[in-house]
Amino acid sequence: MGKHWADFQYEIYLDGMTGAVPRLPTDLTRLEELTERRLGPGPVGYVAGGAGDGSTARANRAALERRRIVPRMLRDVHERDLSVEVLGRVLPAPVALAPVGVLSIMHPDAESAASRAAAAQGVPYVLSSASSTPMEQVAAAMGDAERWFQLYWPKDREVARSFLTRAKAAGYGVLVVTLDTPLLSWRPRDLDQAYLPFLHGVGTANYFSDPAFRAGLAKPVHEDLNAAVTHFVGMFADPAKTWPDLAFLRENWDGPIVLKGVVHPDDARLAADAGMDGVVVSNHGGRQVAGAVAAADALPGVVDAVGDRLTVLFDSGIRTGDDVFKALALGARAVLVGRPYVYGLGLDGQAGVEHVIRCLLAELDLTLALSGHATPATLTRADLVDQRA
Ligand SMILES: Cc1cc2nc3c(=O)[nH]c(=O)nc-3n(C[C@H](O)[C@H](O)[C@H](O)COP(=O)(O)O)c2cc1C
Ligand SMILES: O=C(O)C(=O)c1ccccc1
């Protein structure tokens with residue numbers, strides 16, 4: 001029997017009998033506005049912003065909202081279990097925290113707080129290569145809880161190899177390789193404020209603590225920050241990479257490898273042919289290609305192409321429990337959630353992230369039950385209608 005996520009609902013009502021109400025809203029779509037009021041436009045512009053005029057981020061939301069759930073009745077949903085098997089692991093619910101870099105712009109405890117929240121709730125934490133905290137320190141904050149490492153595949157082979165070795169040694173079990181960011185996109189909200197945290201050495205902790213990275217510097221990081229930042233910018237990503245390069249990752253990582261940022265069915269097939277274990281159907285939360293296909297619209301095609309060969313995960317636009325329901329019904333095995341937990345962190349540190357996870361999963365649990373499902377396993381496309389069709 002799984003955890004009773006919906007118990008959070010009663011807990012909130014019972015607390016209410018002593019006059020207490022939740023510190024943060026339980027409608028997670030309200031967090032962005034609150035965070036902006038609290039933290040100001042620079043950091044929130046960076047987090048909320050998308051590529052171009054923001055149309056891809058809006059399309060992500062519209063594609064989920066357009067799909068409507070068709071609930072079924074009288075199907076015995078009194079005992080429910082949200083657990084799912086993902087890449088050889090049993091997760092208590094089909095949700096993980098997406099890799100998000102530079103969390104110190106949101107809260108001083110940054111990735112340590114977010115990862116502790118994930119550990120406390122039992123959901124996997126995916127640590128970004130561009131974290132503001134070194135991967136070993138995050139691992140120490142998490143104990144033996146489930147953690148995955150997201151790789152921005154550096155141009156320098158030795159740095160890439162060193163990241164993989166360090167991540168393995170620090171107990172990260174799954175490698176998530178992000179393919180959609182060989183360059184940073186055109187992001188007007190950041191450009192108009194000239195806001196780019198990396199240039200101040202924020203979000204570079206894994207690099208500045210790396211022996212292979214430091215071997216490429218003439219002077220130690222603290223003696224010449226500008227040179228270190230320039231070195232980072234030059235190697236952070238490599239737009240020259242192609243599919244055959246994936247062999248390097250397979251040779252240097254013995255656990256599951258998941259490619260993040262796949263939206264074309266043919267790319268999903270190439271991932272399977274390259275011996276990868278999974279893909280994350282994602283458009284980076286609408287932050288990379290302005291005008292790109294909505295992630296939820298790309299999901300069914302990828303599932304049809306490789307669903308029997310690869311684990312298909314999903315992100316980009318998940319804000320509520322019913323969004324998770326819809327992504328699973330479209331064929332995802334589990335989802336990653338990005339901005340909502342980042343706002344939770346900005347508003348209330350570790351507790352804020354735990355609040356977001358608990359709200360999302362309580363709402364998912366109730367949506368499943370009220371729609372006639374005792375587990376995610378029974379969801380199919382037939383549980384949705386597409387309003388546009
Ligand atoms: C502020 C911010 C930073 C991000 N940094 C990374 C990153 O370092 N690596 C990565 O693979 N994805 C990164 N992403 C993308 C997320 O992993 C995820 O794909 C996206 O946020 C999902 O969309 P959502 O925010 O609508 O849930 C970032 C997203 C945001 C909002
Ligand atoms: O901002 C982002 O979306 C992102 O993925 C990123 C890119 C470089 C460094 C940190 C995060």
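Atoms within each ligand, like the ligands themselves, are counted from 1 in listed order. Since the structure is predicted, the reported quantities are computational estimates derived from the model, not experimental observations.
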Residue, atom and distance of the protein heavy atom nearest atom 20 (C) of ligand 1 read Gly285 N, 3.8 Å
Flag Val337 as yes when one of its N or O atoms lies below 3.5 Å from any N or O atom of ligand 1, and as no otherwise. no
Using a strict 4.0 Å threshold on nitrogen-to-oxygen distance, state whether Arg309 and Asp273 make a salt bridge. yes
Would you mind checking which non-hydrogen protein atom is closest to atom 11 (O) of ligand 1, with the distance to 0.1 Å? Thr178 OG1, 2.7 Å
Give me the nearest non-hydrogen protein atom to atom 8 (O) of ligand 1 as residue plus atom name, then the distance to 0.1 Å. Ser128 OG, 2.7 Å
Presence of salt bridge, Arg166 and Asp210, under 4.0 angstrom: yes
Heavy-atom neighbours of Arg30 CZ exceed 12 at 6.0 Å: no
Just by distance, no angles: are the side chains of Ser131 and Glu111 close enough, under 3.5 Å, to form a donor-acceptor pair? no
Counting only nitrogen or oxygen atoms and a 3.5 angstrom limit, does Tyr46 reach ligand 1? no
Using a strict 4.0 Å threshold on nitrogen-to-oxygen distance, state whether Asp266 and Arg269 make a salt bridge. yes
When you compare the side chains of Gln387 and Arg66, does any donor N or O come within less than 3.5 Å of an acceptor on the partner? no
Could you identify the single nearest non-hydrogen protein atom to atom 18 (C) of ligand 1 and state the distance to 0.1 Å? Asp315 OD2, 3.4 Å
Nearest non-hydrogen partners of Leu28 and Arg319, listed with the distance: CB-O, 3.5 Å
Answer yes or no: is there an ion pair linking Asp7 with Arg358, defined by an N-O contact shorter than 4.0 Å? no
Minimum-distance protein heavy atom relative to atom 8 (C) of ligand 2: Phe236 CZ, 3.3 Å
Could you check whether Arg37 pairs with Glu33 (Lys NZ or Arg NE/NH1/NH2 to Asp/Glu carboxylate O, under 4.0 Å)? yes
Do you know which two heavy atoms are closest between Pro134 and Ser209, and how far apart they sit? CB-OG, 4.0 Å
Identify, by atom number and element, the atoms of ligand 2 in contact range of Tyr46, meaning under 4.0 Å from any of its heavy atoms. 1 (O), 2 (C), 6 (C), 10 (C), 11 (C)
Close-contact set for ligand 2 against Ala130 heavy atoms, below 4.0 Å: 9 (C), 10 (C)
Would Asn60 and Asn283 count as having a side-chain donor-acceptor pair, cut-off 3.5 Å? yes
Among all protein non-hydrogen atoms, which one is nearest to atom 28 (C) of ligand 1, and what is the separation to 0.1 Å? Pro99 O, 3.8 Å
Under 3.5 Å between any N/O of Gly338 and any N/O of ligand 1: does that happen in this structure? yes
Between Arg80 and Asp365, does the salt bridge (Lys or Arg N to Asp or Glu O under 4.0 Å) criterion hold? Intermediate values first, please. CA-CA 8 Å; Arg80 297 179 303 282; Asp365 191 359; 2.4 Å; yes
Looking only at protein heavy atoms, identify the closest one to atom 9 (C) of ligand 2 and say how far it is in Å. Phe198 CZ, 2.9 Å
Would you say the side-chain atoms of Asp322 and Thr367 include a donor-acceptor pair closer than 3.5 Å? no
Val102 touching ligand 2 at heavy-atom level, < 4.0 angstrom: no
Should Gly101 be counted as touching ligand 1, given the test is an N or O pair under 3.5 Å? yes
For Gly317, the ligand 1 atoms whose distance to one of its heavy atoms is below 4.0 Å: 23 (O), 24 (P), 26 (O), 27 (O)
Would you mind listing which atoms of ligand 1 come within a distance below 4.0 Å of any non-hydrogen atom of Ser316? 22 (C), 23 (O), 26 (O)
Can you check which of Arg287, Gln288, Lys260, Arg339 brings a heavy atom nearest to atom 1 (C) of ligand 1? Arg287
Yes or no: does Arg187 have any heavy atom under 4.0 Å from an atom of ligand 2? yes
To which protein heavy atom is atom 3 (C) of ligand 1 closest, and what is the distance rounded to 0.1 Å? Val100 CG1, 3.4 Å
With a 4.0 Å cut-off on N to O distance, would you call Asp323 and Arg61 a salt bridge? yes
Note: ligand 2 atoms sitting under 4.0 Å from heavy atoms of Tyr152 are 4 (C), 5 (O), 6 (C), 7 (C)
Is it the side chain (CB and beyond), the backbone, both or neither of Gln150 that lies under 4.0 Å from ligand 2, heavy atoms counted? neither
Number the atoms of ligand 2 from 1 as they appear, then name those within less than 4.0 Å of a heavy atom of Leu184, with their elements. 7 (C)
Option of least heavy-atom distance to atom 9 (N) of ligand 1 (set: Phe314, Tyr341, Tyr152): Tyr152
Ligand 1 atoms nearer than 4.0 angstrom to some heavy atom of Arg319 are 24 (P), 25 (O), 26 (O), 27 (O)
With a 4.0 Å heavy-atom cut-off (strictly under), which part of His284 contacts ligand 2: side chain, backbone, both or neither? side chain
State, with a plain yes or no, whether a side-chain heavy atom of Phe163 is found less than 4.5 Å away from one of Leu151. yes
